[in-house]
Amino acid sequence: MRASAVFLLGGDPMPGRQRMNAMLDCGGHAFDLSRPRIMGILNVTPNSFSDGGRFFDPQRALDHARRMMADGADLVDIGGESTRPGADPVAERDELARVIPLVDILAAEGIPVSVDTRKPAVMRAALAAGAVMINDVCALTAPGAVEAVAQHTAAVCLMHMRGEPQTMQQAPAYRDVVGEVHGFLLARAAACEAAGIAKNRIVLDPGFGFGKTLTHNLLLLRALPLLAATGYAVLAGLSRKASLGKITGRDVDQRVPASIAAALAAVARGATLLRVHDVPETADALKVWLAVGAPE
Ligand code: HH2
């Protein structure tokens, strides 16, 4: 069949690189990454940069998770600690109390849940409660974190962060931002594989906004095809971030169009997981993207 005919039938919307590594193994769950997947953000924190306090109440959090799934999310990413620039760390006890009861309930309903944490104790509890993915902004660098994930079958997202949330945006500097970020991620992936976490359980994320200027973020976004070419699944988290505010001059609650443009720019460059606040808008944009077919 000619390529144009395949496009018209809607059968071939993704670049070849993305089709090669099509499945993400999350233990009991598998995501077919031949089309991009939407990870809906659920922050059960009082201080997250865009939705802080909105879903701190557990009933509201559950309602929002279910709503995001109904609106087209493929999984829900629950975080109990804000990692916004300047944020204070949260005690393990508090993070467990915020996150784990929600994982219990949502997982029992069959909703795929990812948990955004850098603490091994929270990882272990989340996995025991049925989480299908651990999303770690510290790429499992805490002592015991790799082992916590390796002992289960869930997937893991390894993200790059320069420094700590409290200070990371104070004049971040790199000699070669793409080389350093990709080098770090591949080294962390190798450490995970050495501990028994298979490649098809690993997702890499350059960590937009985590110790990076606008220029760093744009360079990393442009270089996503290089990361995707490694064969690991790639996640992009650009939703409502400060860089989009710098480009558009918009406040955080007015960055939906910018977030969608950034998400599609990431998909065009090989990202297959999108971590977003605005699920229905992103889902519609992806539907159009898929209907048209991405350029080969
Ligand atoms: N961004 C945030 C938090 N977790 N995880 C991954 N893998 N990638 C990201 O880009 C990422 C992330 C920050 O966004 P948000 O959760 O909305 O804010 P806060 O950290 O203030 O809760």
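Order of appearance sets the numbers: ligands from 1, and atoms from 1 within every ligand. For the single chain, residues carry numbers from 1 onward in sequence order.
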What orientation do His160 and Tyr174 show, parallel under 30°, tilted 30 to 60°, or perpendicular over 60°? tilted
Rounding to 0.5 Å, atoms CG (Leu96) and OG1 (Thr117) come to a distance of 8.0 Å
First locate atom CD of Glu147, then atom SG of Cys192, and finally report the distance between them rounded to the nearest 0.5 Å. 9.5 Å
Do we see a donor-acceptor contact under 3.5 Å between the side chains of [X] and [Y]?
{"X": "Asn43", "Y": "Thr45", "result": "no"}
{"X": "Asn135", "Y": "Ser114", "result": "no"}
{"X": "Ser50", "Y": "Arg240", "result": "yes"}

Who are the residue neighbours of ligand 1 when the rule is a heavy atom under 4.0 Å from any of its atoms? Asn43, Ser48, Phe49, Ser82, Thr83, Arg84, Asp116, Asn135, Val137, Cys157, Met159, Asp205, Phe210, Leu235, Gly237, Lys241, Arg275, His277
